[in-house]
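These values consider heavy atoms only, across backbone and side chains, with no hydrogens, waters or symmetry-generated copies.
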Amino acid sequence: MAGKKVSAPDPARSLALLWGSHTKPGRSGLTVRAIVDTAIDLADAQGLDAVSMRMVAEQLKAGTMSLYTHVPGKGELTDLMFDSVYGDLYADADEPSRQPGGWRGALEFIARRNWDVLTKHPWIHDVPTMRNALGPNITVKYEAELRPLDGLGLTDVEMDSALTLVLTHVHGTARARAEQLRTQRESGLSDEEWWRQISPTLTRVMSGAAQHFPVAGRVGTSVGEQFQSVIDPAHALSFGLTRILDGISLLIDERA
């Protein structure tokens with residue numbers, strides 16, 4: 001889902017914007033909150049590439065230059081958008097810890113909440129996050145997601161690594177889901193319709209190649225028949241999360 005490269009934001013300006021007031025109107029009457037919300041709506045509808053200062057200004061029926069008095073450019077705007085969509089992730093920093101099932105139930109809850117955000121806002125996959133400015137919502141998110149792992153005997157680095165393992169799995173399967181939906185939209189075919197269309201040809205081709213690819217042919221056929229697709233992201237999420245949590249459980253047992 002690679003999009004156009006967004007110019008790198010100024011970290012200092014992004015941090016000041018992220019932690020500043022988003023509701024104080026400027027002389028034009030605009031607020032940072034209104035600009036960010038409009039940009040998110042655009043990205044949800046058309047992707048991150050569709051978001052520009054000019055397009056956001058048009059949606060707000062404002063002059064483009066008036067936006068620049070609030071947000072310096074698209075890089076900083078993207079930082080604000082990224083932080084904003086995680087604003088309602090949890091009711092408070094202890095919500096994951098309050099879930100039934102101890103740390104495991106908490107991580108399952110965390111995985112589901114992140115999945116919901118990523119599937120609602122698939123443009124997030126186009127946002128570089130390795131050096132993303134830490135805004136207030138992302139900071140609360142990190143705190144809330146670490147708390148269920150605290151006090152289990154894991155080191156700080158192991159706590160972070162366990163959380164990262166869960167979240168990267170969620171991101172990967174959500175990205176696959178976004179690609180699946182985009183392919184369906186662009187082709188005009190559901191996965192089931194596509195599978196029925198190629199199945200006769202695929203069966204004929206694979207029958208001739210069975211002696212060379214016996215395992216691939218058997219497993220691929222089973223998956224296709226089960227899911228009527230090459231992948232079921234929801235199944236992949238559930239299956240992988242269970243295996244990951246089993247592994248984290250072993251580590252916690254070792255530390256105990």
Side-chain angles (χ1 to χ4, degrees), residues 1 3 6 9-26 29-48 50-53 55-57 59-60 62 67 70-99 106-149 160 163-164 166-168 170-171 173-175 177-178 237:
M1 282 186 67
V6 177
D10 181 298
R13 289 194 297 187
S14 280
L15 281 170
L17 278 167
L18 284 162
W19 290 89
S21 173
H22 293 178
T23 56
K24 183 180 179 181
L30 286 176
T31 62
V32 172
R33 175 67 55 80
I35 294 169
V36 173
D37 288 349
T38 300
I40 289 171
D41 289 343
L42 265 173
D44 287 346
Q46 303 178 44
L48 191 60
V51 177
S52 67
M53 302 298 276
M55 285 296 296
V56 173
Q59 294 294 313
L60 289 167
L67 265 64
H70 296 275
V71 181
K74 184 173 177 178
E76 290 79 10
L77 178 58
T78 303
D79 279 347
L80 290 162
M81 294 164 62
F82 182 80
D83 189 73
S84 179
V85 295
Y86 287 102
D88 297 322
L89 191 63
Y90 307 119
D92 55 66
D94 284 315
E95 186 179 15
S97 300
R98 291 196 298 268
Q99 302 308 305
L107 289 183
E108 289 172 344
F109 176 76
I110 287 166
R112 289 194 302 271
R113 282 297 178 86
N114 278 271
W115 171 267
D116 289 343
V117 171
L118 290 164
T119 51
K120 183 179 179 181
H121 307 289
W123 53 266
I124 292 175
H125 298 298
D126 291 335
V127 179
T129 58
M130 288 298 101
R131 295 186 179 182
N132 196 269
L134 288 176
N137 294 322
I138 293 299
T139 303
V140 171
K141 176 183 186 297
Y142 189 47
E143 174 74 19
E145 292 172 350
L146 285 172
R147 285 187 183 182
L149 294 168
D160 178 84
L163 176 60
T164 299
V166 170
L167 294 181
T168 51
V170 175
H171 273 259
T173 49
R175 181 185 289 272
R177 174 61 173 159
L237 177 71

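Applying side chain to side chain contact (heavy atoms under 4.5 Å, CB included) to Phe82 and the options Ile138, Val36, Asn137, Ile40 leaves one that passes, Ile138. Applying the side chain to side chain donor-acceptor pair (under 3.5 Å) test between Ser14 and each of Thr78, Asp79, Asp83 identifies Asp79 as the sole match.
Tyr86 and Asn114 share no side-chain donor-acceptor pair at under 3.5 Å.
Contact record, Leu118 with His171: CD2-CE1, 3.7 Å, taken as the closest heavy-atom pair. Residue Thr173 comes nearest to Val170 through the heavy atom pair OG1-O, 3.1 Å, listed as atom of the first residue, atom of the second, then distance. Taking every heavy atom of both residues into account, Pro96 and Ala106 meet most closely at O-CB, 3.1 Å.
Rounded to the nearest 0.5 angstrom, Ile35 CD1 and Ser84 OG are separated by 12.5 Å. Considering CG of Leu237 and CZ of Arg177, their distance stands at 11.5 Å, rounded to 0.5 Å. Here CD of Gln46 is found 14.0 Å from CH2 of Trp123. Values are rounded to the nearest 0.5 Å. Note that NZ of Lys74 is 13.5 Å distant from CG of Leu67, once rounded to the nearest 0.5 Å. One finds the CG atom of Leu77 at 6.0 Å from the CE atom of Met53 (value rounded to the nearest 0.5 Å). Between the CD atom in Glu108 and the CZ atom in Arg113 there is a gap of 14.0 Å [rounded to 0.5 Å].
Asp37 places a side-chain heavy atom less than 4.5 Å from the side chain of Arg33. Counting heavy atoms from C-beta on, the side chains of Leu107 and Glu145 never come closer than 4.5 Å. With contacts defined as side-chain heavy-atom distances shorter than 4.5 Å, the pair Leu30/His70 qualifies.
Applying the side-chain hydrogen bond (donor to acceptor under 3.5 Å, both in side chains) criterion to Asp92, with sequence neighbours excluded, gives Arg98. Considering only residues two or more places apart in sequence or on other chains, Arg147 meets the salt bridge (Lys or Arg N to Asp or Glu O under 4.0 Å) condition with Asp94, Glu143.
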Given side chain to side chain contact (heavy atoms under 4.5 Å, CB included), test Ile110 with Leu89 step by step and report yes or no. CA-CA 9 Å; Ile110 287 166; Leu89 191 63; over 6 Å; no
Please assess Met81 against Leu48 for the test side chain to side chain contact (heavy atoms under 4.5 Å, CB included), listing each intermediate value before the final yes or no. CA-CA 10 Å; Met81 294 164 62; Leu48 191 60; 4.0 Å; yes
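A donor-acceptor pair under 3.5 Å is formed between the side chain of Trp19 and the backbone N or O of Leu134. Between the side chain of Arg175 and the main chain of His125, a donor-acceptor pair closer than 3.5 Å is present. Between the side chain of Gln59 and the main chain of Met55, no donor-acceptor pair closer than 3.5 Å is present.
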